[in-house]
Amino acid sequence: MRSWSAPDIVPLPGTGGPLRLHDTATDRIKETTPGPRAGMYACGITPYDAAHLGHAFTYLTFDLVNRVWRDAGRDVNYVQNTTDIDDPLLERAHAIGVDWRDLAHREIDVFRDDMAALRIIPPASYVGVVESVDLIGDLAARIRDTGATYDLDGDLYFSVAEAQNFGEIGHLDRDAMLSLFRQRGGDPDRSGKKDPLDWLLWRAERPGEPAWDSPLGRGRPGWHIECSAIALDRLGPRFALNGGGNDLIFPHHEMGAAETRCVTGGPNADNHLHVGMVGLNGEKMSKSLGNLVFVSKLREQGVEPAVIRLAMLSHHYRAAWEWTDDHLPVACARAERWRAAFALGTAPDAAPLLAAVRSTLAEDLDAPAALAAVDAWADTALTEGGTDADAPALARTVVDTLLGVAL
Ligand SMILES: Nc1ncnc2c1ncn2[C@@H]1O[C@H](COS(=O)(=O)NC(=O)[C@@H](N)CS)[C@@H](O)[C@H]1O
Ligand SMILES: [Zn+2]
């Protein structure tokens with residue numbers, strides 16, 4: 001599937017250091033040690049609505065990883081899926097009386113446009129579930145052949161009792177698992193299951209539902225297996241970084257890791273990154289609640305994408321935060337101040353600024369600290385001045401290349 005247009009990335013002098021990230025599985029900040037081509041998988045949108053700021057905050061976070069790894073001299077094999085077939089999409093399409101394919105295509109178009117406007121580096125592989133249904137069916141069949149599954153009325157379930165190291169990502173107790181499974185698309189109460197936590201790998205065809213042929217018969221994929229299959233296909237049995245918003249820790253990433261381990265015998269990723277939830281009016285921004293601030297709407301209102309990006313960068317990626325009315329004016333003022341400093345003929349040396357933005361981002365993507373370093377440089381430039389004629393241009397490039405903010 002087509003991704004979106006790539007922003008220009010202007011190389012900076014020297015190279016950045018190793019990126020240290022919080023890893024959900026070990027609950028500690030640890031150095032990422034990707035190969036020369038770092039493999040990264042971020043779970044993509046379910047396109048029954050356009051990108052809201054919560055989605056954007058998650059993809060901004062992975063964009064910072066992408067930029068920091070590139071600045072450290074690595075290539076990045078970034079893979080992102082889009083869940084262009086699943087129950088919520090079918091339900092929404094039915095509710096608004098449109099074909100589910102048209103709804104998905106329409107919302108994916110808006111999403112791509114928003115990501116390009118926010119100067120998010122596009123994934124090397126942007127992969128839809130529908131176009132991957134064969135490889136998903138094949139993985140489900142491989143898992144079935146290990147004996148880790150069972151059939152329930154034609155549907156294929158992964159038996160949680162067969163899952164090795166289950167809990168290795170989120171370290172949740174059983175009650176928490178059951179509660180989150182119920183809230184997030186699971187079916188713990190379905191009668192006939194061996195264990196309420198068993199999860200669907202392949203749903204047999206129902207009348208009126210889309211279905212595809214597979215080694216398991218006609219039907220369609222369960223949720224988790226889509227990402228396991230796409231990541232295995234594009235990134236291999238083990239890659240540097242897997243993640244998404246922290247609402248995916250359980251069940252999605254836990255069950256996905258168990259599926260991959262079932263066929264590879266090991267963990268799917270070296271690091272697991274999970275992004276804090278963006279809220280509005282006291283609730284997580286989510287389609288089901290309808291409390292959404294859409295990137296596309298802000299853009300239609302004339303808000304500069306660079307300002308939207310700056311507003312989000314003022315929060316640490318692991319923090320849960322609320323979108324409030326002051327976010328845009330504060331980000332706007334910051335953009336104007338930085339622009340004024342970048343427009344100066346001379347300014348204080350910006351090499352220390354480059355080092356500061358590199359070191360703050362390298363320490364678990366501390367974007368708020370990086371913004372503070374640019375604020376400090378700009379304030380000095382605007383109040384005391386400086387003599388370095390290359391500094392304004394270097395500072396502007398630091399902000400663009402590492403933070404993705406083009407001013
Ligand atoms: N309020 C929010 N704040 C931060 N991230 C969010 C928020 N809501 C959703 N996300 C993240 O945005 C991404 C897309 O969310 S989604 O549209 O619901 N889609 C899915 O979660 C699945 N298609 C993943 S395979 C996921 O990584 C999700 O964790
Ligand atoms: Zn996913």
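We count ligands from 1, going down the list as the structure has it; atoms in each ligand are counted the same way.
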Original post:
Is there a donor-acceptor contact under 3.5 Å linking the side chains of E363 and S359?
Top reply: no
Looking only at heavy atoms, is any part of D86 under 4.0 Å from ligand 1, and if so is it the side chain, the backbone, or both, or is it neither?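 No part of D86 is near ligand 1 at this cut-off.
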- prompt: Any idea which part of W223 is under 4.0 Å from ligand 1, heavy-atom wise: side chain, backbone, both or neither?
  reply: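 It is the side chain that touches ligand 1; the backbone stays farther off.
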In ligand 1, which numbered atoms sit nearer than 4.0 Å to a non-hydrogen atom of [X]?
X	value
I45	14 (C), 17 (O), 19 (N), 23 (N)
H252	25 (S)
K284	1 (N), 8 (N)
L248	21 (O), 26 (C), 27 (O), 29 (O)

Is it the case that the side chain of S314 and the backbone of A311 share a donor-acceptor pair, with hydrogens and angles ignored and the cut-off at 3.5 Å? yes
Nitrogen or oxygen atoms of [X] and ligand 1 under 3.5 Å apart:
X	result
G54	yes
T46	yes
T58	yes
T83	yes
G245	yes
G44	yes
N246	no
M277	no

Between C227 and the Zn ion (ligand 2), is there a contact where an N/O/S atom of the residue lies under 2.8 Å from the metal?
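It does: C227 brings an N, O or S atom closer than 2.8 Å to the Zn ion (ligand 2).
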Margin query: Using a strict threshold of under 4.0 Å (side-chain N to carboxylate O), is an ion pair present between R206 and D155?
Written below: yes
Handout entry: Test item, G276 contacting ligand 1 (heavy atom, 4.0 angstrom)
Key =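 Yes, G276 has a heavy atom closer than 4.0 Å to ligand 1.
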Quick one: does C227 get a heavy atom under 4.0 Å from ligand 1?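 Yes, C227 has a heavy atom closer than 4.0 Å to ligand 1.
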Answer with yes or no after comparing the ring centroid distance for F166 and W199 against a 6.0 Å cut-off, counting only values under it.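 Yes; W199 has its ring centre under 6.0 Å from that of F166.
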Is R396 positioned over the aromatic face of F342, cation under 6.0 angstrom from the ring centre and no more than 45 degrees off axis?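 R396 over F342 ring: no.
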